[in-house]
Amino acid sequence: MKPIRKQHPGTADLQRLFDRLLAAYGPQHWWPAESDFEMIVGAILTQNTAWRNVETALDKMKLEQIWSWDAVLEVPVETLAEVIRPSGYFNQKARKIKLFAYFLDREFERSTDSLFQVPLPDLRDLLLAQWGIGPETADDIILYAAKKPVFVIDNYTRRLTTRLGWEVLPPDYEGHRAMFESLLRPNAEMYGEYHALIDHHCNGTCTKTPKCGDCPIADICEMGRAFKG
DNA sequence: TACCAGGTGACTG
DNA sequence: CAGTCACATGGT
């Protein structure tokens with residue numbers, strides 16, 4: 001395999017990638033949740049976990065009627081852990097959900113409505129200060145629940161930029177976020193679609209061992225072009 | 001059967 | 001500050 005040549009992307013590259021992914025896959029309409037509560041709990045449950053396992057856990061929570069911050073505050077953490085078992089890391093995640101409920105209860109009248117009135121970047125710092133909420137989960141919440149324009153980065157995003165041949169400095173989470181947010185107009189709706197499209201693409205085609213032969217954007221990708229020869 | 005999935009925090013040198 | 005590890009289930 002020949003090495004991938006790297007170049008700094010510009011606004012046109014980011015816009016083209018978005019347009020091509022949208023044309024290939026259509027709108028994804030993320031996040032799949034009917035309330036801020038479901039969205040935030042789902043964001044915690046999906047940490048390093050396949051979404052289908054999260055769905056099983058969410059279904060069980062609903063069935064057990066643990067389906068509000070009030071209900072989370074009521075239930076023992078051991079019980080919650082057992083209910084969300086299918087999502088994996090269930091002891092840690094039960095604690096994370098409980099702690100988030102305590103946080104809302106303590107500082108925001110048990111409501112995400114009042115939390116989301118906090119402007120950026122304070123809102124982001126506040127979320128990151130909570131145990132169990134790292135950069136991706138914080139940005140998921142800000143983008144898909146609070147609907148404010150932060151660009152969510154994940155392992156899929158980093159995998160894709162690497163294969164596209166995009167130089168991103170620094171190559172970590174904040175470097176990627178700064179790159180997307182500095183080159184794109186802040187638009188929560190578009191950011192949400194963009195991240196969802198990247199996820200869908202990396203889930204089905206740009207997988208760990210990529211399927212470049214089936215890739216709809218191989219022509220704009222360093223690895224895709226190398227594959228085609 | 002080993003590897004992977006929409007990360008995060010603790011610990012180490 | 002950068003590496004390494006624990007956390008855990010279900011699908012392929």
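So you know, we letter chains A, B, ... as the sequences are listed, proteins then strands, and number each from 1.
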* **Sidechain N-carboxylate O distance under 4.0 Å for A:Asp59, A:Lys62** => no

* To do: Using the P atoms only, state how far B:dC11 lies from C:dA8, rounded to an integer number of Å.
  => 16 Å

* Indicate the ring-plane relationship of A:Phe180 and A:Phe151, choosing parallel, tilted or perpendicular according to the 30° and 60° boundaries. => parallel

* Check whether any side-chain nitrogen or oxygen of A:Thr137 sits under 4.0 Å from OP1 or OP2 of B:dT8, and answer yes or no. => yes

* To do: Could you check how far CD of A:Glu136 sits from C1' of B:dG7, rounded to whole Å?
  => 7 Å

* What's the CG-P distance between A:Leu128 and B:dG7, to the nearest Å? -> 16 Å

* Asked: Can you tell which of B:dT8, C:dT9, C:dG10 lies closest to the side chain of A:Phe90?
  -> C:dT9

* To do: Measure from the side-chain heavy atoms of A:Tyr156 and tell me the nearest of B:dA5, C:dC7, C:dT9.
  => B:dA5

* Using only side-chain N and O atoms of A:Arg159, determine if any of them is under 4.0 Å from OP1 or OP2 of B:dA5. => yes

* Polar contact flag, side-chain donor to acceptor under 3.5 angstrom, A:Asp19-A:Gln15 -> yes

* Length of the NZ-P vector between A:Lys93 and C:dC7, whole Å -> 14 Å

* Asked: If you take all heavy atoms of A:Phe18 and A:Glu193, which pair is closest and at what distance?
  -> CE1-CB, 3.9 Å

* **Separation of B:dG7 C1' from A:Asn53 CG (nearest whole Å)** => 15 Å

* Would you indicate which nucleotide in B:dT8, C:dT9, B:dG7 comes nearest to any side-chain atom of A:Pro135? => B:dT8

* Structure fact -> note: A:Leu127, atom CG; B:dT8, atom C1'; distance rounded to Å ~ 15 Å

* Candidates C:dT9, B:dA5, B:dT8 - which lies nearest the side chain of A:Lys208 -> B:dA5

* Asked: Parallel, tilted or perpendicular for A:Phe37 and A:Trp69, by the 30°/60° rule?
  -> perpendicular

* Separation of atom CD1 in A:Ile84 from atom C1' in C:dA8, rounded to whole Å -> 11 Å

* Between C:dG3 (C1') and A:Asp172 (CG): distance, integer Å -> 15 Å

* **Integer-rounded Å distance: C:dT9 P and A:Gln47 CD** => 16 Å

